[in-house]
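Single-structure report; data block below.
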Amino acid sequence: ASVTVADLEAELDRLLSAGLVEATDPGPGGDPPAFVGHLAVYDTTVLVRASPPLDVELRSAFVDLLIDAFADGEPSVDRRLDVELVGDAWTVRWDGVASYVGPSTDLALYDSLTVLNHHAATTATASGRTVLHGGAVGIAGRAIVVVGHSGAGKSTLTAALTLAGHAYLADEVVAIDDDLVVDAFHRPLGLRSGGLTALGLDIPAGPYDSVSPHRGGPSLGDRCPLGLVVILRRSDAPTEAVLRDMSPPDALVELANQTLGATGRERVMFRRLDAFVRRARIAELTYFDLADAVALLERASTEPTTGAST
């Protein structure tokens with residue numbers, strides 16, 4: 001049978017979608033997007049391509065999500081993230097729809113991380129998981145989930161726990177299934193300058209005015225039974241770190257403001273969350289010193305894991 005132009009165009013589209021070939025026309029004054037990699041994001045595969053220098057930045061940021069090989073030799077791509085520089089302007093596209101257009105390399109990097117978080121949250125929610133806005137580490141075989149309002153120090157405390165040698169599970173998006181097991185999402189920890197300083201880490205040079213992607217190692221965890229959810233309260237004055245268990249109604253009020261991926265599924269998520277707070281141990285952590293908070297959570301990881309049922 002003869003091959004038509006339409007056949008060739010369809011085959012080219014397939015190869016481009018799979019990341020097996022690269023487009024070479026970047027437009028005036030730009031660099032062609034380079035293949036960054038295929039990422040495993042819960043139940044999906046995401047193809048990422050980016051123009052220099054963000055191709056290197058994103059490859060480094062997403063290193064723990066990269067899929068090295070596929071069993072059948074060719075990936076099936078579910079979603080695409082394209083980060084392209086044309087002239088002096090960056091465009092971040094998710095499945096072809098622009099989410100950021102502008103000159104800032106910093107904001108293009110930040111938006112790339114943000115759209116991936118959104119996809120992870122909506123995917124996990126659609127599959128029946130409870131999704132919280134926070135970080136998670138594995139301590140002594142149990143997951144400790146850290147949530148709180150913006151600026152409470154979720155990512156900083158999560159990073160401090162990983163630096164103490166505990167297994168990194170997730171940051172920003174924490175998915176918990178019906179068996180109270182946390183599924184890993186090894187995106188980079190997003191640390192701001194204040195968090196880096198608190199951790200004793202150098203502020204790196206690069207497009208990191210909004211957030212600095214920090215690898216969540218050296219130890220990576222996989223699926224981990226839930227031990228404790230803590231809601232952070234950072235004190236402005238020196239005080240001893242205190243952990244106080246919360247009742248299901250109080251926990252429900254707090255966590256209702258810390259769920260992700262529920263747009264269009266609000267009632268389903270609220271019912272799921274209501275059942276969740278009656279089964280899980282949820283506590284409020286008030287702290288001033290980061291090291292005290294780490295030590296307290298290490299001790300708490302050995303305590304009973306179930307919450308009240310009233």
Side-chain angles (χ1 to χ4, degrees), residues 6 8-67 70 74-127 131 133 171-173 185-190 206-213 260-264:
L8 294 174
E9 289 177 341
E11 177 64 9
L12 178 59
D13 287 341
R14 184 188 68 81
L15 293 172
L16 285 168
S17 297
L20 301 177
V21 299
E22 297 182 2
T24 58
D25 180 13
D31 292 306
F35 174 70
V36 171
H38 294 97
L39 311 184
V41 181
Y42 291 121
D43 308 313
T44 64
T45 299
V46 178
L47 167 65
V48 181
R49 297 157 57 84
S51 299
L54 284 187
D55 58 333
V56 175
E57 298 290 346
L58 289 174
R59 194 187 308 273
S60 175
F62 294 146
V63 63
D64 294 316
L65 293 173
L66 288 172
I67 304 172
F70 293 85
E74 185 175 317
S76 174
V77 173
D78 300 295
R79 296 288 187 267
R80 286 185 66 120
L81 172 61
D82 294 287
V83 186
E84 185 175 10
L85 178 64
V86 178
D88 295 326
W90 287 96
T91 300
V92 179
R93 293 186 181 89
W94 180 259
D95 282 347
V97 178
S99 57
Y100 172 77
V101 178
S104 173
T105 304
D106 164 63
L107 292 180
L109 174 62
Y110 181 77
D111 193 73
S112 300
L113 298 172
T114 300
V115 295
L116 192 72
N117 289 346
H118 178 74
H119 170 65
T122 54
T123 298
T125 300
S127 65
V131 182
H133 181 207
D171 185 41
E172 293 295 330
V173 179
F185 175 47
H186 296 145
R187 58 142 279 161
L189 286 151
Y208 307 132
D209 291 342
S210 297
V211 66
S212 171
L260 297 173
T263 302

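- Partner of L81 under the side chain to side chain contact (heavy atoms under 4.5 Å, CB included) criterion, out of V36, D111, V92, L39: V92 alone.
- Partners of D55 by side-chain hydrogen bond (donor to acceptor under 3.5 Å, both in side chains), not counting sequence neighbours: none found.
- Within a 6.0 Å sphere centred on OH of Y110, heavy atoms belonging to other residues, nucleotides or ligands number 12 at most.
- Put simply, the side chain of L85 does not reach to within 4.5 Å of the side chain of T91, judged on heavy atoms.
- For the 3.5 Å distance criterion, the side chains of T105 and W90 qualify, holding a donor opposite an acceptor.
- Between Y42 and V173 the shortest side-chain heavy-atom distance falls below 4.5 Å.
- Here the side chains of T114 and Y100 are not in contact, with every heavy-atom distance at 4.5 Å or above.
- For the atom pair CD (E172) and NE2 (H118), the distance works out to 14.0 Å, reported to the nearest 0.5 Å.
- In this structure, the side chains of H38 and V77 come closer than 4.5 Å at one or more pairs of heavy atoms.
- Put simply, the side chain of L189 does not reach to within 4.5 Å of the side chain of P213, judged on heavy atoms.
- Of the residues listed (T44, D95, T123), the one engaging R79 in a side chain to side chain donor-acceptor pair (under 3.5 Å) is D95, and it is the only one.
- Under the 4.5 Å side-chain criterion, counting only non-hydrogen atoms from C-beta, L113 is in contact with F62.
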